[in-house]
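First comes the structure, then the notes that go with it.
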Amino acid sequence: MKMKKYTADTMVQAMEKIRQDFGDDSVILSSTIVQSKGFLGLFKKKSVEVVAGYDEPIIVKEKTVPSFSSQLKTEYAQEDVMDDLKKEMKEMKQLLKTNHAPLEFNQYPEEMQSLLTRLSAQELNNGTIQKIASEIFGRMKAEKVDFTVDEQKKIAREILKDELADLPFGGVHFKKKYVNVLGPTGVGKTTTIAKIAARSLIENKRKVGFITTDTYRIAAIEQLRTYANLLQSPVEVAYNDTDFKQALENLSSKDVVFIDTAGRNYKEKKFVDDLKQLIDFELEMESYLVLSTTTKESDMRSIVDQFLEFPISQFIFTKLDETETIGPVFNMLIDYNMGIAYVTDGQEVPEDLEEATVEKILTLLLEEGAHA
């Protein structure tokens with residue numbers, strides 16, 4: 001028997017090479033996963049190393065009658081290959097589902113692995129984690145010293161802070177009369193509006209009014225009325241564009257008007273188009289998109305993509321008290337080049353509302369127990 005070694009990115013590619021060279025009668029003798037050394041010990045890449053054997057004479061692309069033992073070996077080998085293929089397909093589906101390829105940190109010193117593992121558990125995107133790892137590792141090699149975890153966090157904080165440097169953070173600016181709050185159902189838009197309005201009324205002495213376009217749920221209207229009554233502020237209900245224009249006129253004497261839009265499944269473009277027909281976005285208006293931190297990142301992206309045609313000023317992220325991972329928030333800020341106005345962490349009005357800061361996000365990413 002003669003043997004030959006093959007190296008490929010996947011088992012499928014390796015099998016294709018073997019089949020091209022030796023046909024279907026070759027036998028897989030062994031297969032292992034190997035890693036390339038990469039540049040300066042970084043950017044290691046996985047590949048498959050397969051040893052295939054074949055009995056002479058073998059004529060490529062011509063069928064010979066294999067021995068009984070060869071047939072058994074081939075059948076067993078094919079079963080192994082099918083098991084490997086099934087395993088690879090399962091892993092690929094999982095990667096596509098989560099959009100986060102698993103990272104391995106064995107190439108880095110043990111002192112680094114704790115921080116990198118935390119960032120991965122926080123679901124920070126892989127590119128940013130690799131950037132942080134490369135910077136820390138590079139400095140350690142240059143200075144020929146192992147950094148403490150706190151020193152590593154300091155470097156990570158510098159990199160992450162630089163990523164967010166140009167994004168707007170902080171609450172509603174109140175530079176425009178109308179504050180429009182958008183978002184899907186269940187993210188807490190109405191409660192968030194009540195919190196912001198209460199702060200505006202109590203702390204800044206502004207006269208506030210409300211318009212709700214959420215006429216699909218009676219409970220939503222009643223919820224907003226309850227908050228408005230506590231603030232002694234009027235509420236207008238807009239069932240159509242005519243009602244909306246009338247509501248604007250009725251609230252013309254107010255300093256700021258908060259618009260509570262309907263909670264719908266905005267992954268469906270139809271509901272976005274309905275919103276566009278109802279609300280006049282050409283008004284002197286600031287629009288904020290509310291997302292829940294408990295929503296999967298892929299679903300958040302689907303929602304944001306539908307709202308990109310609207311003039312969104314900033315995100316508002318709710319339910320911070322109901323999640324242990326902040327990485328998706330960071331990923332969304334970078335990928336959509338958009339900052340955060342507020343984060344919320346409970347139902348109390350107006351207490352459970354906090355103006356977002358870069359330091360708040362970085363602390364949640366880097367520090368154990370920060371979510372508590």
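Of the charged side-chain nitrogens involved, none lies within less than 4.0 Å of a carboxylate oxygen, so that D214 and K189 do not count as a salt-bridged pair. A salt bridge between K360 and E355 is absent, with no side-chain N of the basic residue lying under 4.0 Å from a carboxylate O of the acidic one. Taking 4.0 Å as the cut-off between side-chain N and carboxylate O, E158 and K154 do not count as a salt-bridged pair.
Between the K177 side chain and the S252 main chain, a donor and an acceptor come within less than 3.5 Å of each other. Side chain of Q122 to main chain of L366: no donor-acceptor pair is present (N/O by atom type, distance under 3.5 Å, no hydrogens or angles). Of the possible donor and acceptor atoms, none in the side chain of K319 sits under 3.5 Å from a partner among the backbone N and O of S292. Formation of a donor-acceptor pair under 3.5 Å by the Q152 side chain with backbone atoms of E111 is found in this model. Side-chain N or O atoms of D243 include none that pairs as donor or acceptor with a backbone N or O of A238 at under 3.5 Å. The closest donor-acceptor contact from the side chain of T261 to the backbone of V181 lies under 3.5 Å. Side-chain atoms of N125 never come within 3.5 Å of backbone atoms of N331 as a donor-acceptor pair (strictly under, hydrogens ignored). S313 contributes no side-chain N or O that, together with a main-chain N or O of E286, makes up a donor-acceptor pair within less than 3.5 Å. Proximity of a side-chain donor or acceptor of S120 to a complementary backbone N or O of L116 within less than 3.5 Å is not detected. Of the possible donor and acceptor atoms, none in the side chain of N204 sits under 3.5 Å from a partner among the backbone N and O of R206.
Between F169 and L333 there is a side-chain heavy-atom pair separated by less than 4.5 Å. No side-chain heavy atom of V179 sits less than 4.5 Å from a side-chain heavy atom of I196. Contact of the I155 side chain with the I132 side chain is not registered, since no non-hydrogen atoms from C-beta on lie closer than 4.5 Å. Between I259 and F244 there is a side-chain heavy-atom pair separated by less than 4.5 Å. Considering only heavy atoms from C-beta on, T128 comes within 4.5 Å of F330 through its side chain. Using a 4.5 Å heavy-atom cutoff, the side chains of F210 and L231 are in contact. Looking at F317 and M300, their side chains come closer than 4.5 Å, going by heavy atoms from C-beta outward. Side-chain atoms of D352 and D345, non-hydrogen and from C-beta on, do get closer than 4.5 Å to each other.
The CZ atom of F174 lies 10.5 Å from the CG atom of D255; values are rounded to the nearest 0.5 Å. A distance of 9.5 Å separates CD in E297 from OG1 in T325, rounded to the nearest 0.5 Å. The OG1 atom of T191 sits 4.5 Å away from the CD atom of Q223 when rounded to the nearest 0.5 Å. Of the inter-residue distances, the one linking D260 atom CG with T190 atom OG1 reads 3.5 Å to the nearest 0.5 angstrom. To the nearest 0.5 Å, atoms CE (M112) and OG1 (T117) are separated by 10.5 Å. To the nearest 0.5 Å, atoms CG (L182) and CD (Q306) are separated by 13.0 Å.
Remark: K131 NZ is loosely packed, at most 12 non-hydrogen atoms of other residues, nucleotides or ligands lying under 6.0 Å away. At most 12 heavy atoms of other shown residues, nucleotides or ligands fall within 6.0 angstrom of atom CD in E110. At most 12 heavy atoms of other shown residues, nucleotides or ligands fall within 6.0 angstrom of atom CD in Q232.
N250 and Q246 are linked by a side-chain donor-acceptor pair at a separation below 3.5 angstrom, with hydrogens and angles left out of the test.
In terms of hydrophobic clustering, with Ile, Leu, Val, Met, Phe, Trp and Tyr side chains grouped at heavy-atom distances under 4.5 Å, F315 and F258 are assigned to different clusters. Both V343 and L365 belong to a single network of hydrophobic side chains, linked directly or stepwise wherever heavy atoms of I, L, V, M, F, W or Y lie under 4.5 Å apart. Clustering ILVMFWY residues whenever any of their side-chain heavy atoms sit less than 4.5 angstrom apart, transitively, puts I316 in the very cluster that holds L224. In terms of hydrophobic clustering, with Ile, Leu, Val, Met, Phe, Trp and Tyr side chains grouped at heavy-atom distances under 4.5 Å, I159 and F137 are assigned to a common cluster. Transitive grouping of hydrophobic side chains (ILVMFWY, heavy atoms separated by less than 4.5 Å) keeps V349 and Y342 in distinct clusters.
Of all the heavy atoms in I221 and T212, the pair that sits closest is CG1-CG2, 4.3 Å. Scanning both residues, K17 and A8, for their nearest heavy atoms gives NZ-CB, 4.3 Å. K207 and S253 get closest at one heavy-atom pair: NZ-O, 3.6 Å. The minimum heavy-atom distance between A247 and I211, with the atom names listed, is CB-CD1, 3.8 Å. When every heavy atom of P311 is checked against every heavy atom of S287, the shortest pair comes out as O-CB, 3.6 Å. The minimum heavy-atom distance linking E367 with R118 is given by the pair O-NH2, 2.8 Å.
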> What do the steps show when you test E249 against K245 for salt bridge (Lys or Arg N to Asp or Glu O under 4.0 Å), and what is the final call?
Replying inline: CA-CA 7 Å; E249 185 176 334; K245 292 175 183 176; over 6 Å; no

> Yes or no on side chain to side chain contact (heavy atoms under 4.5 Å, CB included) for E354 and L320, after CA distance, side-chain angles and deciding distance?
Replying inline: CA-CA 11 Å; E354 183 178 348; L320 201 61; over 6 Å; no

>> As a quick check of understanding, evaluate salt bridge (Lys or Arg N to Asp or Glu O under 4.0 Å) for K161 and E359, giving each step before the final call.
In response: CA-CA 8 Å; K161 191 171 184 178; E359 291 303 321; 3.5 Å; yes

>> Could you walk me through whether R199 and V172 satisfy the side chain to side chain contact (heavy atoms under 4.5 Å, CB included) test, starting with their C-alpha distance in whole Å, then the side-chain angles of each, then the deciding distance to 0.1 Å, before giving a yes or no?
In response: CA-CA 11 Å; R199 293 276 182 90; V172 173; over 6 Å; no

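Paired with I340 under the rule side-chain contact (heavy atoms from CB on, under 4.5 Å), one option of V329, T357, L164 passes, and it is V329.
The cationic group of R139 does not satisfy the cation-pi geometry with F147, failing either the under 6.0 Å distance to the six-membered ring centre or the 45° limit from the ring axis.
Ring geometry, H173 versus Y288: the interplanar angle falls from 30° to 60°, so the pair is classed tilted.
Applying the salt bridge (charged side-chain N to carboxylate O under 4.0 Å, His left out) rule to D241 yields no partners; only residues at least two apart in sequence or on another chain are considered.
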